[in-house]
Amino acid sequence: MVVESILKIFWKDLGAYLQEDEYLTYSQHMRELVGYVDEFIITGERNEPAWEPFFDYGRAYGHRVATRGMQLEIMLEMGNMFRESILNHVFHNHQVKLNEQDAFGKMLYISAKINTYMNKIVLGFHQAQEEKVEKSYEERRHQVLERLPFSIVVYDKEGCLQFANSIALEPNGLTYEQVVGKTRAELKQMFNRSTEPESTWRKVMSGERVRWRADVPSQTDELTQVDKEMIPLFDDDGNVNGSMTIIYSPITEKERLYNLHKQFSFVLNSMNSGLLILNQDFSLTAYNKKAEDIFGLAAEQVLGTSLLDLYHRYTGKDMSESKLNSAMKRGLPIRDLEYRIVINGRSLTIRIDGNPIKNAEGQPVGYILIIDDQTELLAMREAMMRNEKFALIGQFAAGIAHEIRNPLTTVFGFLQLFASKSVQPDNFHDLTVKLLIPELDRANTILSDFLMVSRPQAPQRQLVCTETFLADVLRLVESEANLRGVVLEVEAPEDLPSLNLDVQQMKQVFLNLCKNAFDVTPPGGKLVLRVKVLNNVVHFEVIDEGPGILAEDLSHIFEPFYTTKEHGTGLGLPISHRIIEGHGGMLTVRSAEGVGTTFVIGIPFAQ
């Protein structure tokens with residue numbers, strides 16, 4: 001059986017990462033997956049929800065082996081072997097049981113699903129890597145805080161303690177486990193008999209730093225004077241999400257600078273990013289441990305040397321005309337600058353951020369560069385993109401095969417009847433006009449629409465009066481509305497700004513959206529075309545009173561060949577989406593079951 005042969009090959013790799021019971025569970029999962037593939041090949045029933053448990057397990061499996069230390073290359077190699085084994089199994093075991101047309105469509109469908117399954121495994125692997133980085137960052141942060149020569153206590157925004165270093169815990173004889181998760185009120189009852197200024201917590205939660213001097217009891221119950229400072233902590237969006245309290249004895253400015261200097265090298269080497277500090281001549285004056293790990297160069301090899309000379313020495317390339325050198329010379333900040341370099345035989349992709357160091361007069365006297373190694377992260381992203389492309393190709397091909405097969409079957413059947421002389425010559429002309437030509441036109445239309453989705457033509461845009469364009473669209477849809485008994489309403493302000501449009505392409509978009517709306521709006525219902533102008537964008541809304549789009553369908557409506565109509569091709573909305581994107585705009589949808597649907601076309605003003 002294909003599963004047993006696959007497992008036998010995989011065991012030499014999986015044995016190092018899975019325990020025996022986990023491997024048995026994994027083996028059973030593989031058998032069920034292959035069993036479901038066999039069931040689909042035999043029945044041809046496409047039960048999309050039935051794939052979700054397999055996808056969920058694949059994601060969990062990728063996460064598990066990543067946490068156990070499996071390398072991305074090994075996992076991808078096993079995944080490719082698994083995909084090839086499944087497809088070979090389908091082809092060799094089932095081809096004799098299927099007619100050629102069904103076999104082609106089913107093979108494409110299975111290929112797309114297996115690619116999606118592999119993509120889920122890579123996604124789980126990527127999540128584990130991100131969690132590992134986050135955990136490492138948190139551990140390093142705690143290590144840094146633990147080594148500081150004063151008391152540190154960190155609270156979340158609810159006032160619950162998240163971290164306290166040893167210096168904060170020692171005077172009270174408490175352990176970290178005894179205090180973590182406790183509220184500020186609970187901690188005050190336990191050991192803190194000092195007071196703090198009124199409304200301190202409220203001020204800090206509003207983003208203000210508060211510092212005060214307090215008398216606190218020592219281990220001998222004698223009062224000792226200390227300085228306390230509560231500093232707000234911010235999340236990535238700039239919102240306060242906690243605070244850090246620092247307690248230290250009052251010291252002179254000289255002592256403070258000396259303590260900061262002692263901690264400087266430790267803090268640098270605790271960073272999770274490479275850090276380079278340059279002087280005014282761009283020679284390296286500081287170079288932390290993470291930078292050594294990234295570049296594979298020790299500090300003694302680079303300190304005191306110009307960054308431009310180092311770049312040329314180890315890469316063989318000139319950096320004098322680069323964006324990095326230009327920004328540093330002008331004293332400008334650097335954000336998300338990406339470089340691909342080969343150094344000491346190692347290919348690296350690094351991201352660089354930086355800021356100038358300025359003196360009291362505001363003149364640049366040096367530069368700080370933060371280096372992040374993106375090599376492994378980009379490799380995982382590229383692997384996911386490859387899997388997504390394979391899945392998309394399979395879906396497109398399966399859709400084309402399905403849509404083209406119907407008209408071709410009709411034409412083929414007619415020609416068989418004609419060849420067997422079951423069609424009278426007198427009827428040949430009528431059948432050709434009424435049957436063959438419409439079916440071939442349908443096949444040609446499907447292929448044309450497919451090419452529009454996969455390789456859209458660039459819009460031939462021209463400056464258009466928006467009121468005139470809207471009036472032309474209304475003339476095109478009014479007759480259809482009257483035939484279907486649908487009330488057509490228009491809500492548009494006066495003096496609409498002009499737009500740069502390919503008129504024919506945009507008319508196609510409105511016809512597609514209005515036709516879909518007519519199909520779901522009952523006689524006597526209303527279709528509203530509403531126009532709004534917001535933030536230099538003209539928004540066209542097409543609002544129907546149909547039954548709405550089911551939640552499970554809503555996320556798929558712009559996918560090629562996805563349709564809920566009995567005779568639909570599933571290409572109208574993807575084509576419309578590509579046309580709007582080609583105009584630099586956006587096509588979005590709002591819908592809920594039972595309350596109708598609103599499509600919104602947003603087109604920027606003509607420049």
Side-chain angles (χ1 to χ4, degrees), residues 1-14 18 22-65 70 74-125 383-384 386-403 405 552 556 559-562 570:
M1 184 178 178
V2 65
V3 176
E4 307 309 326
S5 61
I6 292 174
L7 293 174
K8 187 174 181 180
I9 296 172
F10 282 4
W11 174 244
K12 63 182 178 65
D13 291 318
L14 289 176
L18 297 180
E22 292 173 329
Y23 182 72
L24 292 175
T25 302
Y26 173 76
S27 303
Q28 182 60 28
H29 163 74
M30 295 281 282
R31 294 186 184 96
E32 291 175 359
L33 177 57
V34 175
Y36 186 71
V37 169
D38 290 336
E39 181 182 342
F40 165 73
I41 293 296
I42 295 170
T43 64
E45 295 181 4
R46 300 191 180 191
N47 185 0
E48 298 296 330
W51 286 97
E52 293 303 323
F54 296 114
F55 294 157
D56 292 342
Y57 184 92
R59 185 170 179 173
Y61 161 75
H63 186 280
R64 182 181 299 114
V65 296
M70 180 181 282
I74 296 176
M75 191 189 72
L76 292 176
E77 182 180 351
M78 293 174 64
N80 290 331
M81 189 186 307
F82 171 70
R83 175 170 43 230
E84 292 172 3
S85 299
I86 291 291
L87 295 179
N88 287 335
H89 166 73
V90 171
F91 180 75
H92 291 297
N93 284 35
H94 294 280
Q95 64 171 341
V96 296
K97 303 176 184 177
L98 305 168
N99 62 60
E100 184 177 351
Q101 291 180 340
D102 285 343
F104 178 69
K106 289 179 179 179
M107 283 286 287
L108 290 173
Y109 179 77
I110 289 299
S111 175
K113 290 302 179 185
I114 295 302
N115 281 321
T116 301
Y117 174 78
M118 290 308 305
N119 206 26
K120 294 293 184 181
I121 292 178
V122 174
L123 180 61
F125 188 96
M384 291 182 67
R386 284 196 298 270
N387 279 328
E388 288 174 355
K389 288 178 181 177
F390 280 131
L392 187 60
I393 290 170
Q395 291 171 0
F396 267 43
I400 279 288
H402 175 73
E403 294 297 335
R405 185 182 297 121
E552 56 266 30
H556 300 288
E559 295 177 3
F561 304 111
Y562 188 89

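Scanning for salt bridge (Lys or Arg N to Asp or Glu O under 4.0 Å) contacts around E45 gives an empty result, with sequence neighbours left out. In this structure, E39 has no side-chain hydrogen bond (donor to acceptor under 3.5 Å, both in side chains) partners at least two apart in sequence or on a different chain.
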List the atom pairs, with distances to 0.1 Å, where a side-chain N or O of residues 51-60 and a protein N or O form a donor-acceptor pair under 3.5 Å, not counting sequence neighbours.
residue	atom	partner	partner atom	Å
W51	NE1	Y109	OH	3.4
Y57	OH	Y26	N	3.4
R59	NE	Q127	OE1	3.2
R59	NH2	Q127	OE1	3.4

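The distance from the CD1 atom of I121 to the CE atom of M118 is 4.0 Å, given to the nearest 0.5 Å.
Here the side chain of N119 pairs no donor or acceptor atom with the backbone of N115 at under 3.5 angstrom.
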